[in-house]
Amino acid sequence: MSFDDAYQSLTDHDDDARWAYGTGFTDPLAGVPSALPDGVDRGDLAAYCLMLGDDALILSHRLQQWVTRAPEIEDELALANIGLDLLGQARLLLTRAGEAEGAGRDEDQLAYLRDPGEFRNVRLAERADADFAELVARLLVFSTWRLALFDRLAATGDPVVAAIAAKGVKEVSYHRDYAAGWVVRLGDGTELSHARTQAAIDVVLPLSGELFVAHPVERRLAELDVAVDPAGLRAEFDDVIAQVLRVATLTAPSQPSPQQSPGRDGDHGAELTEILAEMQGLARATPGGVW
Amino acid sequence: MSEIRHEWPLFEVFVRAKRGLNHVHVGSLRAADHAMALHHARDLYTRRNEGVSIWVVRSEDVVASGPDDKDAFFAPSGDKAYRHPTYYSIPDSVPHI
Amino acid sequence: MSEEQAFAEVIDKDQRIEPRDWMPDGYRKTMIRQIAQHAHSEIIGMQPEGAWITRAPSLRRKAILLAKVQDEAGHGLYLYSAAETLGADRGDLTRRLIEGRQKYSSIFNYPTLTFADVGVIGWLVDGAAICNQVPLCRSSYGPYARAMIRICKEESFHQRQGYELLMTMMRGTEAQREMVRDAVDRWWWPSLMMFGPPDADSPNTAQSMAWKIKRHTNDELRQRFVDMTVPQAEALGVTLPDPDLRWNAEREHYDFGAIDWSELKRVISGDGPMNAERIARRRQADEDGAWVREAAAAHAAKRTEVRA
């Protein structure tokens, strides 16, 4: 019997018809003009891209921390997919932030060399999950909000941001479905899972207030039709959450959400500092390193 | 084998790689319900852009012919060569047939 | 024709045994054991590299590594899926793993000390795995062979990303080059041990070869790996830590030094530096997830009642 050439054999299996194996990968920004829209302040657009990019980067980090800890191996794959989607969004948005800023910073310089006070993510993204119920409750809140946002953002005036949002809509729809499915299963499942999921909703939902507070940057850009004023997303958000909670036999906490968004101005909890220490440690410890 | 069984039932997964092709069996997975099985199938079997459509079916719902049926099921069609176009000899000079 | 004869004929003709075919008990047991160990290795194998995802030093490397570790979860599932066609139950196999009754590849009991380990695991460990696995694409058990085809195709990216990372690091700072050399030194010998004990000490090989579960002996595969890897090391600019490694023109293979099998035996028997931690992590995930899996099953049961 002839000895297989291990490397040859990887490429010469001409069985793609029998074995579904993907091809045709696409660049979401192919053909999208990268010039800044007229009249837009560079600093504002950069800050806005950092807000949406940091949200994705930091929540992706929290999902990465679940790797090898998911309740079932199938969910390892699902959480990794969501983490990869968000990481992809973060990379595109940080890159756009660097372009808008015009100071030559790329995605890695922005991700690895900023201090906590320069991160503009909502605090919802940075908090640690106590358990799987909190993971899916937070993901439900985050992705319901982000889907409503991206839906509108896809039709706004910066072609790059609009293209990133259009791509993101497909991804975040799936994230919302995944999270909603789990909130329903856990809410309706057993007494224990119901109690844990109600506790998770009680903790996470009151954090949603910050998602609908328009930052001055967002207000200015929204007037130019380059950003979405998040205040307008509230009704859709409340509707979706109410529907999911009803099916899940859960109730929304009566406690009002604080109407302020310190994270957007770089005011974060200790949790972000911990995340960045983990994320940036190696990159900062290797000056001049190439990866 | 011990008595502990997996909590979730087994589903068989079929993926249509692209329009115009049949769904092809690609493997199985565990899920609590059909909706979850579809999600899991998407995450497990289409990570590389491999599909445009997925079927999932509970493994216990699949009815299959067994190896013992092989002769009775499949041998009888083996001698009916007249079902195949190459059974008929037609001169090369006749076009389009 | 008897069932035994039918089985022997399928093996003899190099065809595939399929799930509902009659097969000898020994074949079924061997197959379940081999596939389960392979599946466990994929799942435990997520841990050494998974530890670096959150710390990856660039966003591109982070995405690559997350996708790679995710693939390993997927490969574990393809394999558990193949084992289940033989009548095994995944829940049961998982318990065998976390109770230490079934093994996984001992390579994953070594720690990943620096980010260069991510590259070296891709290059050497995945390279060795590919060497082992490509012949298994022609294994006599159909579902296993099909799972292996898919896995091998997907793993070709794993090896390339590792080698590419090392090439990049070798072009970087002296500290980075030192990280690569150190990682190569630590992983070379364990990679050679991945092929298992020498043929003379491998009692199951003959039966597995006869059943075409295995297609090549451990020593054949190990030699093949060494022959493929030496030129890659040269291209990378690293020295493999074996003073006896040299081309043998007569054999047309590389000669290499003696492997310390006592270390392999120690690591296989559960005495590797990370063995307890790897199993504990898997057990913790399984236990922490129990209420979630149970809730989903309870919800599904309720919905079925409502529908009926």
Side-chain angles (χ1 to χ4, degrees), chain A residues 10 13-28 63 66-67 70-85 87-88 132 136 139-140 143 167 170-190 192-193 244 247-248, chain B residues 1-62 64-65 67 70 73-74 84-85:
Chain A
L10 293 177
H13 279 115
D14 192 17
D15 56 1
D16 286 355
R18 190 165 64 87
W19 281 102
Y21 194 75
T23 52
F25 293 91
T26 52
D27 173 5
L63 291 165
W66 275 89
V67 170
E72 186 51 282
I73 301 168
E74 280 86 348
D75 290 290
E76 291 281 357
L77 284 119
L79 296 176
N81 268 345
I82 296 171
L84 281 168
D85 286 345
L87 182 56
F132 189 73
V136 292
L139 191 60
L140 174 68
S143 51
K167 170 179 181 282
K170 299 170 197 163
E171 296 168 342
V172 179
S173 306
Y174 180 81
H175 307 172
R176 191 182 73 171
D177 271 8
Y178 175 83
W182 267 115
V183 168
V184 167
R185 282 185 202 103
L186 296 179
D188 178 61
T190 62
L192 174 67
S193 72
V244 174
V247 182
Chain B
M1 217 164 272
S2 84
E3 284 306 296
I4 304 163
R5 307 298 293 179
H6 199 283
E7 291 95 336
W8 294 346
L10 200 59
F11 289 79
E12 300 299 321
V13 181
F14 302 76
V15 173
R16 185 199 296 285
K18 51 187 168 194
R19 305 185 75 83
L21 296 181
N22 285 320
H23 285 76
V24 174
H25 183 241
V26 292
S28 65
L29 49 73
R30 294 282 181 171
D33 54 55
H34 284 88
M36 190 197 284
L38 270 179
H39 267 208
H40 284 166
R42 177 261 197 195
D43 287 319
L44 178 57
Y45 289 107
T46 67
R47 296 197 301 290
R48 288 172 167 77
N49 219 17
E50 296 101 326
V52 295
S53 162
I54 299 173
W55 291 344
V56 292
V57 58
R58 281 281 291 266
S59 304
E60 63 179 31
D61 290 340
V62 172
S65 67
K70 188 167 163 266
F73 266 60
F74 306 115
H84 293 263

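Chain A is the first sequence line, chain B the second, and so forth, proteins listed ahead of strands; every chain is numbered from 1. Values below: all heavy atoms of this structure, side chains included; hydrogens, waters and symmetry mates excluded.
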Inset, instruction - Could you tell me which portion of Asp33(B) (side chain, backbone, both or neither) has an atom closer than 4.5 angstrom to a non-hydrogen atom of chain A? - result: side chain
Legend entry - N/O donor-acceptor pair under 3.5 Å between Glu74(A) side chain and Arg30(B) backbone: yes
Inset, instruction - On the 0 to 90° scale, with breaks at 30° and 60°, tag the His39(B)-Tyr174(A) ring pair as parallel, tilted or perpendicular. - result: tilted
Legend entry - Crowding at CG, Asp61(B) (>12 non-hydrogen neighbours, <6.0 Å): yes
Legend entry - Side chain / backbone / both / neither for Glu72(A) at chain B, heavy atoms under 4.5 Å: side chain
Legend entry - Option passing side-chain contact (heavy atoms from CB on, under 4.5 Å) with Leu77(A) (candidates Arg47(B), His40(B), Arg42(B)): Arg47(B)
Legend entry - Euclidean distance, Leu79(A) CG relative to Asp43(B) CG, rounded to 0.5 Å: 8.5 Å
